[in-house]
Number of protein chains: 2
Amino acid sequence: MTAAPPPTHSSGRQRDAARTRAEILDVATEEFARLGYTGARVDVIAARIHTTKRMIYYYFGGKEQLFTAVLERAYAVIRQQEQGLDVGHLDPVAAIRRLAELTFDHHEEHPDFIRLVSIENIHEAEHIIGSATLSELSSPAIEVIGRILEEGRAQGVFTADVDAVDLHAMISSFCFFRVANRHTFGALFGRDLTAADRRQHYRTMLGDMVLAYLTGDTARER
Amino acid sequence: MTAAPPPTHSSGRQRDAARTRAEILDVATEEFARLGYTGARVDVIAARIHTTKRMIYYYFGGKEQLFTAVLERAYAVIRQQEQGLDVGHLDPVAAIRRLAELTFDHHEEHPDFIRLVSIENIHEAEHIIGSATLSELSSPAIEVIGRILEEGRAQGVFTADVDAVDLHAMISSFCFFRVANRHTFGALFGRDLTAADRRQHYRTMLGDMVLAYLTGDTARER
DNA sequence: CAATTAACTAACTAGTACGTTACTTGCCCC
DNA sequence: GGGGCAAGTAACGTACTAGTTAGTTAATTG
């Protein structure tokens, strides 16, 4: 019955496994970041790059594994960036400020990553825990902070009783909150924490805060 | 054909609108906090309190409005708590430390609230923006911080150039991050930010940090 | 160049999810 | 004590959604 002639497939994808895989990962990152794990739709991810859902199952196994792959790549990016950070030539005070600023900038530049971290925390980090790549590797940033902290204490400029992991938490807190919670904070307090014209203010504020803590005479206030 | 006799409905709910409404709100808070907006299931919320989905539509109109109602109540709780905070009798330094500790404690005690805030930020605060109750009222905490800040500056103990809203952001950052991101942080750095035996350490750290910032000679580090 | 396999497509399945319709039951007040 | 209405129930409908099955097309290689 005059079935439609089979499509020529001329509009089909080029056969390029690497590209298809990479494209899936790219749009999956966007979709998961935008809509959350449950909110993201496998069909939509496929449609956006003009492939089919089947390819996602072909390359990643399933929605869950795709999300894990997205996280793995997102974390690989910061680790790589952290690996390249070079503050060894600076004195401890300048080094900490520089490190804080780099952390600040990274958060500013990767709002999607921040959203993925929020989402993964809603899921109690189950994907990170289930990923050998993620749960085994540790962060280069901690090593760097540890060395600066040691040097600063040896020189007598850092007096606070804090270790590298906790200091990293302190720095990340501010950077993370500012980006992750900008919507509710803006709606409730009428202040856009990510407004371009206040960026430098917050960047300086972070450095001031961390250094005041590290170098301050904490006994003073108690 | 011998249809089962109609259920006696003896096991039906008491007719108590207020209780039904309140119960829906309670379990909806739990479910939304646990699974996110998209992840939570209207049927499950109804089933958990032995009512039917229809009641949710009866009292709230829909899933979206239910989530908004959940947020409204959650924020009402902190506002009420903030209203009751009494630090007027303390000197500025002690008042800020006390305020930071109260914020810290509130975050510690209400992890569900923290999750709801994370979730609402994923949704770009659309429910808060759409709620007159939430977007119009402002936080009592800001007023309190403003007054302490003024007093501290008048006395010459606070030197930092910061306003109440930004200081609130700084304090909240640390409290929020510690609870909200404990899963990914724990998985990546092997440190439980919410471990009971480190609670006091972080509580003190927060106060030290904020006060060092406020009272410190910021010119020193630059 | 033929056999093999990697890459890709379409259609389907089974289960799920929100929201609605139609109906029943108990309470309150005149 | 009965009319009226608030409170509650059950079952349905439509749309969606993760994952699967079965088959096709292009590249590679012996």
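All values below were derived from every heavy atom in this structure, side-chain atoms included, with hydrogens, water molecules and symmetry-related copies excluded. A, B, ... follow the sequence lines: proteins, then strands. Residue 1 opens every chain.
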- Message: Taking 4.0 Å as the cut-off, does a side-chain nitrogen or oxygen of B:Thr20 come that near to OP1 or OP2 on D:dG8?
- Response: yes

- Query: Does a donor on one side chain sit under 3.5 Å from an acceptor on the other, for B:Glu64 and B:His127?
  - Reply: yes

- Report yes if at least one side-chain N or O of A:Thr51 is closer than 4.0 Å to OP1 or OP2 of C:dT9; otherwise report no. yes

- Task: Measure across A:Ile145 and A:Leu99 and return the closest heavy-atom pair with its distance rounded to 0.1 Å.
- Result: CG1-CD2, 3.2 Å

- Message: Can you tell whether the side chains of A:Arg97 and A:Asp208 come within less than 4.0 Å, N to carboxylate O?
- Response: yes

- Message: Between the side chains of A:Arg34 and A:Glu31, is the shortest nitrogen-to-carboxylate-oxygen separation below 4.0 Å, so that they form an ion pair?
- Response: yes

- Message: Quick check on the 6.0 Å ring-centre criterion: do A:Phe174 and B:Phe174 meet it?
- Response: no

- Looking only at C:dT9, D:dT9, D:dA6, the nucleotide nearest the B:Tyr58 side chain is D:dA6

- Task: Enter the inter-axis angle for the ends of the helix from C:dC1-D:dG30 to C:dC30-D:dG1 (five pairs per end, rounded to 10°).
- Result: 10°

- Task: Return the value, rounded to whole Å, for the distance between atom CZ of B:Phe67 and atom C1' of C:dC18.
- Result: 17 Å

- Item | Integer-rounded Å distance: D:dT17 C1' and A:Leu66 CG | 15 Å

- Task: Would you confirm whether B:Arg191, through its side chain, and B:Leu188, through its main-chain N or O, come within 3.5 Å as a donor-acceptor pair?
- Result: no

- So, for B:Tyr213 and A:Tyr213, is the gap between ring centers shorter than 6.0 Å? no

- Task: Measure from CD1 on A:Ile56 to P on D:dA18 and round the result to the nearest Å.
- Result: 9 Å

- Can you tell me how far P of D:dA7 sits from CE of B:Met55, to the nearest Å? 9 Å

- Message: Side chains of A:Ile49 and A:Met55, heavy atoms from C-beta outward: is any pair under 4.5 Å?
- Response: no

- Item | Pairs involving residues 122-146 of chain B, ordered by first then second residue, that meet salt bridge (charged side-chain N to carboxylate O under 4.0 Å, His left out) (sequence neighbours left out) | A:Arg115-B:Glu124

Give me the distances for all protein-to-nucleotides 20-22 of chain D N/O pairs that come in under 3.5 Å?
unit_1, atom_1, unit_2, atom_2, d
D:dT21, O4, A:Arg54, NE, 3.0

- How about B:Ser131 and B:Glu72: does a side-chain donor come under 3.5 Å of a side-chain acceptor? yes

- With the side chain defined as heavy atoms from C-beta on, A:Tyr59 is closest, among C:dC8, D:dT9, C:dG19, to C:dC8

- Is a salt bridge present between A:Glu23 and A:Arg48, judged by a nitrogen-to-oxygen distance below 4.0 Å? no

- Task: Return the value, rounded to whole Å, for the distance between atom NZ of A:Lys63 and atom P of C:dT16.
- Result: 15 Å

- Tell me: CG of A:Leu35 to C1' of D:dA18, nearest whole Å? 16 Å

- Query: A:Asp192 side chain to A:Gly186 main-chain N or O, any donor-acceptor pair under 3.5 Å?
  - Reply: no

- Give me the residues of residues 38-46 of chain B where at least one heavy atom lies under 4.0 Å from an atom of DNA chain C, by number, or none. B:Ala40, B:Arg41, B:Val42, B:Asp43

Enumerate all atom pairs, one protein N or O and one N or O from nucleotides 13-15 of chain C, separated by less than 3.5 Å.
none

- Query: Rounded to whole angstroms, how far apart are CZ on B:Arg21 and P on D:dA6?
  - Reply: 16 Å

- Task: Only counting residues at least two apart or in another chain, list the ones meeting ring pair (Phe, Tyr, Trp, His ring centres under 6.0 Å) with B:Tyr202.
- Result: none

- Task: Please state how far atom CD1 in A:Ile49 lies from atom C1' in C:dT9, giving the value in whole angstrom units.
- Result: 14 Å

- Task: State whether B:Arg199 and B:Asp105 are salt-bridged, where the test is any N-O pair (Lys NZ or Arg NE/NH1/NH2 against Asp/Glu carboxylate O) under 4.0 Å.
- Result: yes

